[in-house]
Every structure is written in structure tokens, then in C-alpha cells.
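Here's the structure we're looking at; comments come further down.
Chain A is the first sequence line, chain B the second, and so forth, proteins listed ahead of strands; every chain is numbered from 1. Note that the structure is predicted; figures quoted are calculated from it, not measured.
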There are 2 protein chains.
Amino acid sequence: MQFGCKYTWYFINRNNVALYILVIMKTIRNTASKTAILELITHSEVALSHVEIQKLTGDLCDRVTIYRVLERLINEDLIHKIATPDGTVKYASCHHHHDNHHHIHNHVHFSCEKCLSVTCLDSVEPSYKIPDNYLVKEVNFTLSGLCPKCI
Amino acid sequence: MQFGCKYTWYFINRNNVALYILVIMKTIRNTASKTAILELITHSEVALSHVEIQKLTGDLCDRVTIYRVLERLINEDLIHKIATPDGTVKYASCHHHHDNHHHIHNHVHFSCEKCLSVTCLDSVEPSYKIPDNYLVKEVNFTLSGLCPKCI
DNA sequence: TTGCTTAATGCAATTTGGTTGCAAATATAC
DNA sequence: GTATATTTGCAACCAAATTGCATTAAGCAA
Ligand SMILES: [Zn+2]
Ligand SMILES: [Zn+2]
Ligand SMILES: [Zn+2]
Ligand SMILES: [Zn+2]
């Protein structure tokens, strides 16, 4: 069998059942849109929403492409998604700082009610205690009020 | 001057400028829709989204009315809005518990990635430290993972 | 109770945000 | 350069949320 992409075969033999498993590795490609959008997010002081990225990139690419690029950048763990208190979603780059072993984004976001900016406060780590019948996988801690510029 | 609604006059006299300010007080009304929706949210174990409220109320009122009622209930500080990590907005009643003097919602929310339920963990209070050039007015701390039922 | 005034509602239309399918374009491995 | 799978653009689609306006009804005072 031949494929143009990377792949591996796994073989399992258990209880008289033989199984060949084909694992296809999708190769990630770098494109103009992807690099430009990542640049934009990385160099931005504040987190950006989809519409903001759309305005900033002009006619670089289609709005659908922006959605798909953002999705890929998240999968590659290059950016992260932030849900602001009012329900809008913004994106910021990851300055990991990951909780070493657990790979949990555990830092505070600040959302300014006046200029609507959202910022990662990478240095601040919140602490909490929660009943242990809950399994915590992600932490999303957003403070809102007035940012230094608007105070 | 005469008005059907409540109003007050304020008078300011400063630097040779005399100013009469008319403050009109909007009277809040209780309607069937409003009481029903508040009941629903208050008695619910978990936070409810707009669509969920729509399904639960049936043809009690128009969906637009639900949006407007929710907005009013938030203004009256009877319910609060919760943005889940994926950007959907849910509503829960306020069991204040308000930071006595400051009137800040300061409690943890848990969002289950399996059953999609969102719960207020009123008893848990997160602690954090933030640069003092920020003015914090709201705290929105959402943990996500698996809830006791789904674990 | 009745009438008056303004708040709240219903409905239709519109805007906004996000998704899907498919053909065409293009990045990467060889 | 060529082959092949990934990425893109476009159009269509869908759901969520907002707006304007005419109508209804809550609450106050007589
Ligand atoms: Zn600001
Ligand atoms: Zn962040
Ligand atoms: Zn659950
Ligand atoms: Zn809550």
C-alpha cells in the first residue's frame, strides 16, 4: 500500500482477533494567512476577536479562512481562546508558562468594561479550593473593571 | 411642570452658572413573563441559557421578550450572566453573598464538558493578586471539566 | 373603580456570528 | 518538476441576537 502522506501501521493481536490499524499523520502546512494571523495575535497587546482580526487583516483572506486558521492555531497550542464576561470570544498568544506537567492554561485575564480590551496577566496565578468530586481540566479566570489606561 | 412618572429636580449653582437638572425615575413593572422567568432561573439547579429558557417557558412569551426580561433582571441584580469557556452565555440567580460592601460577584462557576451544565459554587471563593493599577469590579472565575454526575 | 401614562410585549425584518460542502489553489515531500 | 493532501474561497446556510414600531397592560392617582 502507498500513500503520499505520513502513516504508520499498528498491529494488535488479542483473544484470537488480529487487527491492523492504519494511523495517518496529517502534515501541518504554513501559509501566508496563518503566519500573518499568528503574527498579529502575537504582537498584539490585547486579545483579539474574530471581527477585529478580520478588520486588521483587511482582504488578506476570507472570513471562513480566519475561523479555520484560528482553530488550527489553537490545536497547535500557539494561541488560546478567552471567553469574555459578555460572551464574546477573543484569542491571545500562549506565553507558556504552562503548569509544567498538566498543560492547563492557568492565568488571569483582565477585561476592561470601558475600552473592551482583554489582556493576559500571565504573571498572576489564582488559587482556589473546590470539592474533590469535581475534575478540573481547564481554568478560565477573568477579572473585569477598568484597565490602567481607562482608570 | 407635570409628569405622569416619578421625577426629581436637582439644582446646581457654581461659578455663576445655575443649572436645573431633571432626573426621571423609570418605574419598574412586574409582569407575568418576568416573574415566570425569574422563578425558573431561581429554582434551577444549573445556570440556563436563553434557548433553554425558551424551551422551558414554551409559548409564555416571545423570544425577544426573554432577552429583554433577562436584561432587566440583570439590571435589578436578581440574576447574573455567566460566559462559559466556549462562549455561550448562561444565567443564574444571585444568592448574595455579595462581598459585603463592594457588591462584587465573587464566586466560582463550574462548567461540565460532558453534560454542558453550569453551576454556581457559591461557597468557593477564589483568591488572587493583581497589579493595583487595575480596578476590579467583577470576578468571573469558571472552572471546566467533569461534574460529580459525569465523573 | 376608572382613566391616564409609560413600561413592556409581539411581530416582522434585519444584522451578526459561525458552519458546511465543494471545487480550485497551493504547500510540501519526493 | 510532479504528485498528493492540505488549505482556501465562495456561496449557501443556519442560529443567535438586535431593532423599530404598533399594540397591550401595569401601576398610580383621582
Ligand atoms: Zn480600558
Ligand atoms: Zn491568556
Ligand atoms: Zn456533567
Ligand atoms: Zn454564579
Nearest-nucleotide 5' precedence on DNA chain C, A:Ala32 against A:His50: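 Upstream on the strand: A:His50.
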So, is [X] near the phosphate of [N], with a side-chain N or O under 4.0 Å from OP1 or OP2?
X	N	value
B:Thr27	C:dA7	no
B:Arg29	D:dA25	no
A:Thr31	D:dT6	no

Ring centres under 6.0 angstrom apart (B:Phe141, B:His109):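 No - the distance between ring centres of B:Phe141 and B:His109 does not fall below the 6.0 Å cut-off.
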Centroid-centroid distance, A:Tyr91 to A:His80, less than 6.0 Å: no
Going only through I, L, V, M, F, W and Y residues with side-chain contacts under 4.5 Å, is there a path from [X] to [Y]?
X	Y	value
B:Val108	B:Val136	yes
B:Phe110	B:Val139	yes
B:Leu135	A:Leu121	no
A:Leu56	A:Leu73	yes

From [atom1] of [X] over to [atom2] of [N], roughly how many Å is that when rounded to an integer?
X	N	atom1	atom2	value
B:Ile28	C:dT5	CD1	P	22 Å
A:Lys34	C:dA25	NZ	P	22 Å
B:Glu76	C:dA7	CD	P	14 Å
A:Asp86	D:dA16	CG	C1'	14 Å
B:Arg72	C:dT6	CZ	C1'	13 Å
B:Asn30	C:dT9	CG	P	10 Å
A:Tyr67	C:dG21	OH	C1'	18 Å
B:Ile37	C:dT9	CD1	P	8 Å

Residue mapping more 5' on DNA chain D - nearest nucleotide basis, A:Ser33 or B:Val89: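 With B:Val89 and A:Ser33 compared, the 5'-side residue is A:Ser33.
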Within residues 58-76 of chain B or reaching into it, pairs that qualify as salt bridge (Lys or Arg N to Asp or Glu O under 4.0 Å) - sequence neighbours excluded: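 Counting only pairs at least two positions apart or across chains, the salt bridge (Lys or Arg N to Asp or Glu O under 4.0 Å) contacts touching residues 58-76 of chain B are B:Lys34-B:Glu76.
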Helix axis bend for the helix from C:dT1-D:dA30 to C:dC30-D:dG1 - C1'-based end axes, five pairs, 10° rounding: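 So the angle between the two local helix axes works out to 40°.
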When you compare the protein's N or O atoms with those of nucleotides 10-15 of chain D, which come within less than 3.5 Å of each other, and at what distance?
none

B:Thr84-B:Ser111 side chain donor-acceptor pair, cut-off 3.5 Å: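 No, no side-chain donor-acceptor pair sits under 3.5 Å.
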Contact summary for B:Ile82 and B:Cys120, nearest pair of heavy atoms: CD1-SG, 4.2 Å
